Structure formats: C-alpha cells, structure tokens
Amino acid sequence: MFVSLMSILLLVFGLLILIVVSIDVLITTLTVGGGSPLTSRISAWLWRIALQIHRWHSNHRLLLVTGWLILVTVAVLWFALTWVGWTLIFSADQTAVVTPKKLPATTLERIYFVGYTIATLGMGSYNPQGAIWEITTSSIPGTTQETRDSHG
C-alpha cells in the first residue's frame, strides 16, 4: 500500500489537533487553576474586547453576557477543532469513507460524515471502509455500540 506524504501530514495534523483539544478540555475542566493556555487566551481576548467596549460605552449587562459568550465560544471552538481533526484523519486515506454506492467520499462528504458522526449517534449515508476505519469511527465521541452494530 502506497502512503503519500500528504496522507501522513493529514494524519499527523489531525492527531495533533485532537491531542491539543483533549488536553485543553482536560486542563480547563478538571484543574483548579483555571483554563488551559488555549482557553485562557481566547477568554482573555474576548474579555479585553468587552472591557474596551465597556470603557467606551458603560454597560454592565455587556460584561455579564460576555461571561456566557466566553463559555459558548470555548465549547464551540472545542467542537469545531474536534471536527477538523477527525476530518483530517479521515482525509488521510481516499478509501476511508465510502458513499452508499461504495465510491470514495469527496472532501465535503468526509466533512459531513465526521460532523454527522460527532453530532448524532450514527454515520448517516456514508460508511467507513475497512476494519481500521470502522475502529477509528467507533472512537469518535458521540458514537455508540448500537450505532456501530447497525451500520457494520
């Protein structure tokens, strides 16, 4: 089996993104000292923007809402980065995901496959091709044993 440099890079970058997000989530949610470097930077950046607006036009309600905005932004960032990481991993092999007609999925179809797999309990119309990709799919957050059994 021929493995291209691009395939290796996609796999490595995808794994790096997932590792960074996992560490960020663990540090932010399980330590007493506050957020991880990524979460802390994003939080500080959003808070600075809110304080600048507050200094320009005093609005305490804005500061109250900014706390919620920071929480939502961090959660959406974690979700989006997880989606990107898994998409890169599934893009490392042309045959990792196949269409209902057993043709290799396009990049957009891979993005859909990963997003659908993360956000729901299934894989939608697309399926992983081969044991390695089935096992990889089963490790994506959101999948369950029932879902894997019904598509496998």
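Heavy atoms only: backbone and side chains are in, while hydrogens, waters and symmetry mates are out. Just so you know, residue 1 is the first one in the sequence shown, and it goes up from there. Keep in mind the model is a prediction, meaning the values are calculated, not measured.
There is no path of hydrophobic side-chain contacts, each under 4.5 Å, that joins Y126 to L103. There is a path of hydrophobic side-chain contacts, each under 4.5 Å, that joins L62 to I42. Following chains of ILVMFWY side-chain contacts shorter than 4.5 Å, one cannot reach L46 starting from L64, and the two form parts of different hydrophobic clusters. At a threshold of 4.5 Å between side-chain heavy atoms, the hydrophobic network of Ile, Leu, Val, Met, Phe, Trp and Tyr places I8 and I19 in two separate groups. Transitive grouping of hydrophobic side chains (ILVMFWY, heavy atoms separated by less than 4.5 Å) keeps I23 and I17 in distinct clusters.
Residues passing the ring pair (Phe, Tyr, Trp, His ring centres under 6.0 Å) test with W78, sequence neighbours excluded: none.
Identified under the side-chain hydrogen bond (donor to acceptor under 3.5 Å, both in side chains) test for residues 63-76, with sequence neighbours left out: none.
Annotation: the span from N127 atom CG to T137 atom OG1 amounts to 8.5 Å, rounded to 0.5 Å. Note that OG1 of T106 is 12.0 Å distant from OH of Y112, once rounded to the nearest 0.5 Å. Within the model, atoms CD1 of I27 and OG1 of T39 stand 9.0 Å from one another, a figure rounded to the nearest 0.5 Å.
For the pair W86 and L18, the minimum side-chain heavy-atom distance is below 4.5 Å. With contacts defined as side-chain heavy-atom distances shorter than 4.5 Å, the pair F113/T87 does not qualify. The shortest side-chain heavy-atom distance between V21 and W83 does not fall under the 4.5 Å cut-off. Side-chain contact check for Q94 versus Q129: every heavy-atom pair is 4.5 Å or farther apart. Proximity of L63 to L51: side-chain heavy atoms (C-beta onward) are separated by under 4.5 Å at one or more points.
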Pair D93, I132 - check side chain to side chain contact (heavy atoms under 4.5 Å, CB included), show working. CA-CA 11 Å; D93 181 359; I132 290 174; over 6 Å; no

What do the steps show when you test L81 against V20 for side chain to side chain contact (heavy atoms under 4.5 Å, CB included), and what is the final call? CA-CA 9 Å; L81 287 174; V20 167; 5.9 Å; no

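The minimum heavy-atom distance between S125 and P100, with the atom names listed, is O-CG, 3.3 Å. For S43 against I70, the heavy-atom pair with the smallest separation is OG-CG2, 3.3 Å. Of all heavy-atom pairs spanning L10 and S91, the tightest one is CD1-O, 3.4 Å. Contact between G35 and S40 at its shortest, heavy atoms only, is O-OG, 3.0 Å. Nearest approach of F90 to I140, heavy atoms of both residues: CE1-CD1, 3.5 Å.
The neighbour count for F79 CZ, taken as heavy atoms of other residues, nucleotides or ligands under 6.0 Å away, is above 12.
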